[in-house]
Amino acid sequence: MFFNQNELHSTPDNLRTTCSKSVDSSSYPLSSGVHKNVVIYESKTFYEQSDITILQTEIAKVLQSGPGVFLIKNAWSDTKLLSDMTNIFWQIIEQESDNNQGDHFGSNTQQANARVWNSFQKCAMLEPELFVHYFSNPVLMWVSQAWLGPHYQVTAQVNIVLPGGQSQTPHRDYHMGFQDSTALLDFPTHTHNLTPFLTLQGAVAHSDMPLESGPTKLLPFSHQVAEGYIGFHQQACKDYFTEHAVQIPLERGDALFFNPALYHAAGSNLSSNINRCANLLQISSVYAKPMEFINHKEICLAAYPTLQSFWKRPFFTPAQRLAILTAITDGYPFPTNLDLDPPVNSISPPTGYQLLAQALEENWDKEEFHQQLLVLMAKKRS
């Protein structure tokens with residue numbers, strides 16, 4: 001089945017009906033509450049779970065059949081780490097000051113909206129130790145696994161909205177949210193239903209974000225409108241969003257996660273002195289194409305000395321090890337060249353994840369790891 005233009009006339013009514021629901025906090029017993037239909041969790045709840053899959057099941061329910069958005073308070077608790085990483089963001093912005101960073105759904109005026117594309121890789125290359133600390137956060141891993149499963153792929157883009165910066169237009173996100181609405185009519189309806197399961201959107205607050213600074217506008221439950229990737233272009237849908245979208249203040253270290261099909265938009269910064277800074281996380285399923293190209297080889301090599309020094313120290317927990325291994329490697333064995341890279345003693349060929357884990361467990365020196373990584377990559381070429 002395919003959507004057609006006639007069906008889209010009912011989209012504004014579908015949006016109103018769908019978004020008229022309210023969240024029952026009893027449906028999410030591990031949460032600390034609900035505010036404006038956004039489910040709130042405390043970061044300590046994740047660490048206290050003896051069976052993390054129980055909490056993961058609950059937050060997957062929030063994302064799929066619930067309001068589609070939740071907030072984790074104090075998800076990044078190390079304030080010095082956040083400050084140091086924010087300084088790296090500004091350093092990159094200064095280095096790229098001659099570039100037009102742009103924005104998919106907002107102003108292209110640099111003074112109003114400073115962007116760092118691929119902050120993930122750029123931070124890894126500039127400050128690998130800081131990068132490892134930041135992305136070894138188990139909370140990010142547990143949330144990503146809840147929606148996407150193992151071996152997800154992390155990308156990140158910094159967005160800093162200065163005082164006076166204007167709001168974005170309401171939209172859905174990658175994949176289908178970044179395509180022309182007419183082109184989306186060529187995709188069958190089941191593909192529209194599938195695509196939200198391929199990515200997860202997140203934002204880590206690197207500054208306090210009171211309402212006047214314009215934290216993200218959100219329309220809870222809007223991800224449940226089946227034809228919404230096409231329908232959000234209608235003016236009536238945009239008007240409904242403007243009237244009914246909610247905003248919740250964030251504190252530095254909070255992390256907001258939402259279904260990529262949720263209607264949302266960055267708000268206007270009406271403050272006089274707040275540089276609203278967020279590290280936007282777009283996390284892809286291992287089965288999906290991420291939006292940005294990530295050079296895992298270079299990131300692994302840059303991070304390897306830090307990982308070697310951390311790997312067997314008590315402060316670096318098994319959860320942190322798994323989190324950073326997943327974040328910086330490609331854990332999927334395909335596509336590959338099966339003539340050069342046949343599955344031997346396994347159903348699939350080896351992966352970069354497996355190679356890095358072996359190197360760290362066996363304490364290879366960096367040059368040996370580099371050579372083995374080149375061999376693995378050569379096998380996957382056509």
Side-chain angles (χ1 to χ4, degrees), residues 23 25 28 30-49 55 58-59 62-63 67-90 93 113-114 116 119 123 130 133-144 156-165 167-168 200-220 245-258 262 264-283 323:
V23 175
S25 60
Y28 308 105
L30 295 175
S31 72
S32 60
V34 175
H35 182 54
K36 298 181 179 178
N37 278 339
V38 176
V39 183
I40 313 295
Y41 291 94
E42 304 295 328
S43 62
K44 65 179 182 180
T45 303
F46 286 79
Y47 292 98
E48 292 172 351
Q49 294 302 305
L55 178 52
E58 183 170 305
I59 61 178
V62 174
L63 292 169
V69 54
F70 63 91
L71 173 67
I72 303 176
K73 298 296 295 181
N74 205 32
W76 269 258
S77 58
D78 188 335
T79 56
K80 184 179 185 303
L81 173 63
L82 289 169
S83 295
D84 290 345
M85 186 64 89
T86 305
N87 289 336
I88 295 302
F89 296 162
W90 281 110
I93 289 168
N113 194 0
V116 178
S119 62
C123 290
L130 190 64
H133 276 295
Y134 188 94
F135 283 103
S136 61
N137 187 341
V139 173
L140 175 60
M141 175 183 68
W142 291 322
V143 169
S144 301
Q157 307 87 32
V158 173
N159 190 21
I160 300 178
V161 181
L162 306 179
S167 64
Q168 294 177 321
L200 176 66
Q201 306 303 124
V204 182
H206 276 247
S207 64
D208 288 342
M209 298 184 186
L211 292 179
E212 65 177 320
S213 70
T216 302
K217 297 179 179 180
L218 308 156
L219 189 58
V246 301
Q247 292 172 285
I248 54 175
L250 304 180
E251 297 176 299
R252 187 170 60 154
D254 291 350
L256 188 74
F257 291 94
F258 53 92
L262 192 85
H264 65 282
S268 296
N269 188 345
L270 303 179
S271 73
S272 60
N273 60 352
I274 300 173
N275 295 329
R276 194 183 80 235
C277 178
N279 196 19
L280 306 181
L281 304 177
Q282 188 176 85
I283 309 156

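Between Phe46 and Tyr41, the angle of the ring planes goes over 60°, which puts this pair in the perpendicular group of the 30/60° scheme. Using a 30° and 60° split on the angle between ring planes, Phe89 and His206 fall in the tilted class, from 30° to 60°.
Within the 4.5 Å cutoff, the side chain of Leu130 has heavy atoms near those of the Leu81 side chain. Under the 4.5 Å side-chain criterion, counting only non-hydrogen atoms from C-beta, Pro163 is in contact with Asn275. Inter-residue side-chain proximity for Leu55 and Trp142 is flagged as unmet; no heavy-atom pair is nearer than 4.5 Å. In this structure, the side chains of Lys73 and Ser32 stay at 4.5 Å or more apart for every pair of heavy atoms. Residues Asn279 and Ser119 are in side-chain contact: their nearest non-hydrogen atoms beyond the backbone lie under 4.5 Å apart. Inter-residue side-chain proximity for Leu140 and Trp76 is flagged as met; some heavy-atom pair is nearer than 4.5 Å. Taking the side chain as every heavy atom from C-beta outward, Trp90 and Cys277 never approach each other to under 4.5 Å. Side-chain contact between Leu256 and Leu218: present, with at least one pair of heavy atoms (C-beta onward) separated by less than 4.5 Å.
Closest non-hydrogen pair, Ala75 versus Ser43, comes out as CA-CB, 4.0 Å. For Pro210 against Pro215, the heavy-atom pair with the smallest separation is O-CD, 3.3 Å. The shortest non-hydrogen separation linking Val246 to Lys36 is CG2-O, 3.7 Å. What you find for Pro220 and Leu262 is that their closest heavy atoms are CA-CD1, 3.9 Å. Counting all heavy atoms, side chain and backbone alike, Leu63 lies closest to Gly68 at CD2-O, 3.6 Å. Of all heavy-atom pairs spanning Leu281 and Ala156, the tightest one is CD2-CB, 3.8 Å.
To the nearest 0.5 Å, atoms NE2 (His133) and CE (Met85) are separated by 10.5 Å. Considering CD1 of Ile283 and CD of Gln201, their distance stands at 8.0 Å, rounded to 0.5 Å. Put simply, NZ on Lys44 and OG on Ser77 are 13.0 Å apart, with the number rounded to the nearest 0.5 Å. One distance of note links CD1 of Ile72 with OG of Ser31; it measures 12.0 Å at 0.5 Å rounding. Atom CD1 of residue Ile274 and atom CG of residue Asp208 lie 8.0 Å apart, to the nearest 0.5 angstrom. Here the CD-OG1 distance, from Gln168 to Thr216, works out to 7.5 Å after rounding to the nearest 0.5 Å.
Looking at Thr45, its side chain does come within 3.5 Å of a backbone N or O of Glu42 through a donor-acceptor pair. Checked by atom type and distance alone, the side chain of Asn37 pairs as donor or acceptor with a backbone atom of Val23 at under 3.5 Å.
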Practice task
Run the numbers on Leu82 and Tyr134 for side-chain contact (heavy atoms from CB on, under 4.5 Å), then give the verdict.
Solution key: CA-CA 8 Å; Leu82 289 169; Tyr134 188 94; 4.1 Å; yes

Practice task
Could you walk me through whether Lys217 and His264 pass the side-chain contact (heavy atoms from CB on, under 4.5 Å) test, one step at a time?
Solution key: CA-CA 5 Å; Lys217 297 179 179 180; His264 65 282; over 6 Å; no

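In this structure, a donor-acceptor pair under 3.5 Å is absent between the side chains of Ser271 and Arg276.
Applying the side chain to side chain contact (heavy atoms under 4.5 Å, CB included) test between Val39 and each of Leu71, Val62, Leu30 identifies Val62 as the sole match.
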